[in-house]
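Here's the structure, in structure tokens; my notes come after.
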Number of protein chains: 2
Amino acid sequence: METTWDEQLRTAGLRVTRPRLAVLAVLEQHPHVDADTIATAARAVHPSISPQAVYGVLKALVGGGLARRIEPAGGPALYELRVGDNHHHLVCRECGVVADVDCVVGAAPCLTPSDAAGFVVDEAEVVFWGLCADCQVARSQHGYGTNSAIRGGVRA
Amino acid sequence: METTWDEQLRTAGLRVTRPRLAVLAVLEQHPHVDADTIATAARAVHPSISPQAVYGVLKALVGGGLARRIEPAGGPALYELRVGDNHHHLVCRECGVVADVDCVVGAAPCLTPSDAAGFVVDEAEVVFWGLCADCQVARSQHGYGTNSAIRGGVRA
DNA sequence: CTGTTTTCTTGACTGAGTCAAGACAATGCC
DNA sequence: GGCATTGTCTTGACTCAGTCAAGAAAACAG
């Protein structure tokens, strides 16, 4: 990371505030987290931060192009700092962990559906669903009964 | 459609009930609808159906493999009857309309990320975001100010 | 037709997120 | 550095989608 968060915020026309820097610091350490986890972690740096402030900050960051919001089905929205490169995600059905994948078939072909039905497409979102390495092990050990569903364990 | 809904339900081990048939009828007419719209439309056939019943029916149908649930970011879940063929979706950023797209690059390559990071992938979900034909027209006419956001107009 | 079991109805509840009003703090100017 | 102007944060009420639980009703088996 060359440019500082200060600069990036200012470039986006946003003021530099403690809550924003706190949220950015959390996102830097945890690549894919939900708003609630961010709030908890950010409180270590800036104790008085409120949940709503986190929503506000995240909306500002997403609006300013510093963060990206992803919404895997069946769970709360997650945020990440990797923006601008069109990459995709692997999501674990069991624990909800998210991993990045670089664009599937090279640069942009994944942006071109075979028949666009009159739509002007500007983004292709790809989510791969499966089982992460840890959950594969857990499943084969405990004898596939550990279905703790997605919700909850998204801490990445 | 060769087999009747009656048979399909029974094959899935589900009882044949009025609410279920009503929901199936609605889904047959409207390819991509949210639970609330289904409830409203189903009431035309079976007036006493409750919203919760719709949730229950949909869960049963999805569980039995008769319907599929999709959850586009920023809106409620939608349901469709096309199951078994791995097809994808085009979603309009403006009005939320959803259209089907057949699998992008042929059969299954879209199921293989370049690097799976130890995940065992069993499904690839692709969503193309853009503007539907109608909203393109509306935007060019009214002079791109008609941002009514997604929420609400999903009636497909 | 009767009994059993699934499914539907009714109602209370949760969790994620939004909206609005006022307090506070960051930038720009003197 | 001090002050005014905005933009941002805090607090609190609220919405919407969806879940959970208990009892009533309906579907299938005999």
Side-chain angles (χ1 to χ4, degrees), chain A residues 5-24 33-40 42-43 45-64 66-67 69-79 96 149-154, chain B residues 5-7 9-24 33-40 42-43 45-64 66-67 69-79 96 148-154:
Chain A
W5 292 128
D6 279 54
E7 296 175 52
Q8 296 221 38
L9 284 168
R10 263 183 262 268
T11 306
L14 298 168
R15 289 187 177 172
V16 180
T17 67
R18 283 182 129 287
R20 284 177 182 169
L21 294 173
V23 167
L24 285 167
V33 270
D34 59 287
D36 192 56
T37 306
I38 293 173
T40 308
R43 232 163 257 133
V45 184
H46 181 122
S48 77
I49 200 171
S50 67
Q52 286 75 351
V54 173
Y55 284 118
V57 168
L58 289 170
K59 191 180 278 188
L61 295 181
V62 171
L66 300 209
R69 174 186 178 128
I70 59 176
E71 299 184 42
L78 306 178
Y79 296 86
I150 275 190
R151 219 155 265 281
V154 190
Chain B
W5 292 129
D6 279 53
E7 295 176 51
L9 284 168
R10 262 184 263 269
T11 306
L14 298 168
R15 289 188 177 171
V16 180
T17 66
R18 284 183 128 288
R20 283 176 183 169
L21 294 173
V23 168
L24 285 167
V33 269
D34 60 287
D36 192 56
T37 306
I38 293 173
T40 308
R43 233 162 257 133
V45 184
H46 181 120
S48 77
I49 200 171
S50 66
Q52 285 75 351
V54 173
Y55 284 118
V57 168
L58 290 170
K59 190 178 278 187
L61 295 180
V62 171
L66 301 208
R69 173 186 178 129
I70 59 176
E71 298 183 43
L78 306 179
Y79 295 85
S148 59
I150 275 186
R151 217 153 268 282
V154 189

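These numbers come from a predicted model, not from an experiment. In what follows, every chain begins at residue 1, and chains take the letters A, B, ... in the order their sequences are listed.
- Atom CG of B/L24 and atom CG of B/L61 lie 5.0 Å apart (nearest 0.5 Å).
- Nucleotide D/dA17 holds its C1' atom 13 Å from the CD1 atom of B/I38, rounded to whole Å.
- Distance check, rounded to the nearest 0.5 Å: OH of B/Y55 to CD1 of B/I38 gives 9.5 Å.
- OP1 or OP2 of C/dT9 sits under 4.0 Å from a side-chain N or O of B/S48.
- Look at CD on A/E7: it is 18 Å from C1' on C/dA26, rounded to the nearest Å.
- Nearest to the side chain of B/Y55, among C/dT27, D/dC9, D/dG18, sits D/dG18.
- Rounding to the nearest 0.5 Å gives a distance of 7.0 Å between CZ of B/R20 and CG of B/L9.
- Between C/dG17, C/dT27, D/dC9, one nucleotide has an atom nearer to the side chain of A/V16 than all others, and that is C/dT27.
- Atom CG in B/L21 sits about 13 Å away from atom C1' in D/dA26, given to the nearest Å.
- Closest to the side chain of B/A77, from the set D/dG18, C/dA12, C/dT7, is D/dG18.
- Taking atom NE2 of A/H46 as the reference point, atom C1' of C/dA26 lies 13 Å away to the nearest angstrom.
- Within 4.0 Å (heavy atoms only), B/A60 reaches no atom of the nucleic acid at all.
- Checking the phosphate oxygens (OP1, OP2) of D/dC28, a side-chain nitrogen or oxygen of B/R10 falls inside 4.0 Å.
- Using a 4.0 Å heavy-atom cutoff across all strands shown, B/S50 reaches at least one base atom of the nucleic acid.
- Computed from coordinates, the A/L9 CG to C/dT27 C1' distance equals 14 Å when rounded to whole Å.
- The base of D/dT8 lies outside donor-acceptor range of the side chain of A/R20, with no N or O pair under 3.5 Å.
- Across the interface with DNA chain C, nearest-nucleotide mapping of A/L14 and A/R69 shows A/R69 to be the residue nearer the 5′ end.
- At distances below 3.5 Å, not a single donor-acceptor pair connects side-chain atoms of A/R69 with backbone N or O atoms of A/A77.
- For A/D36 and C/dG15, the CG to P distance is 10 Å, given to the nearest whole Å.
- Applying the 4.0 Å criterion to OP1 and OP2 of C/dC8, one finds that B/T17 has a side-chain N or O inside that range.
- Counting only heavy atoms from C-beta on, A/P76 has its side chain closest to C/dA16 among C/dT18, C/dA16, C/dT27.
- Counting to the nearest Å, the P atom of D/dA27 and the CH2 atom of B/W5 are 19 Å from each other.
- Where B/R15 and B/P51 each meet DNA chain C at their nearest nucleotide, the meeting point lying more 5' is that of B/R15.
- A/Q52 has its CD atom 18 Å from the P atom of C/dA23, to the nearest Å.
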Check the pair A/E71 / B/E71 against side chain to side chain contact (heavy atoms under 4.5 Å, CB included), numbers first and verdict last. CA-CA 9 Å; A/E71 299 184 42; B/E71 298 183 43; over 6 Å; no
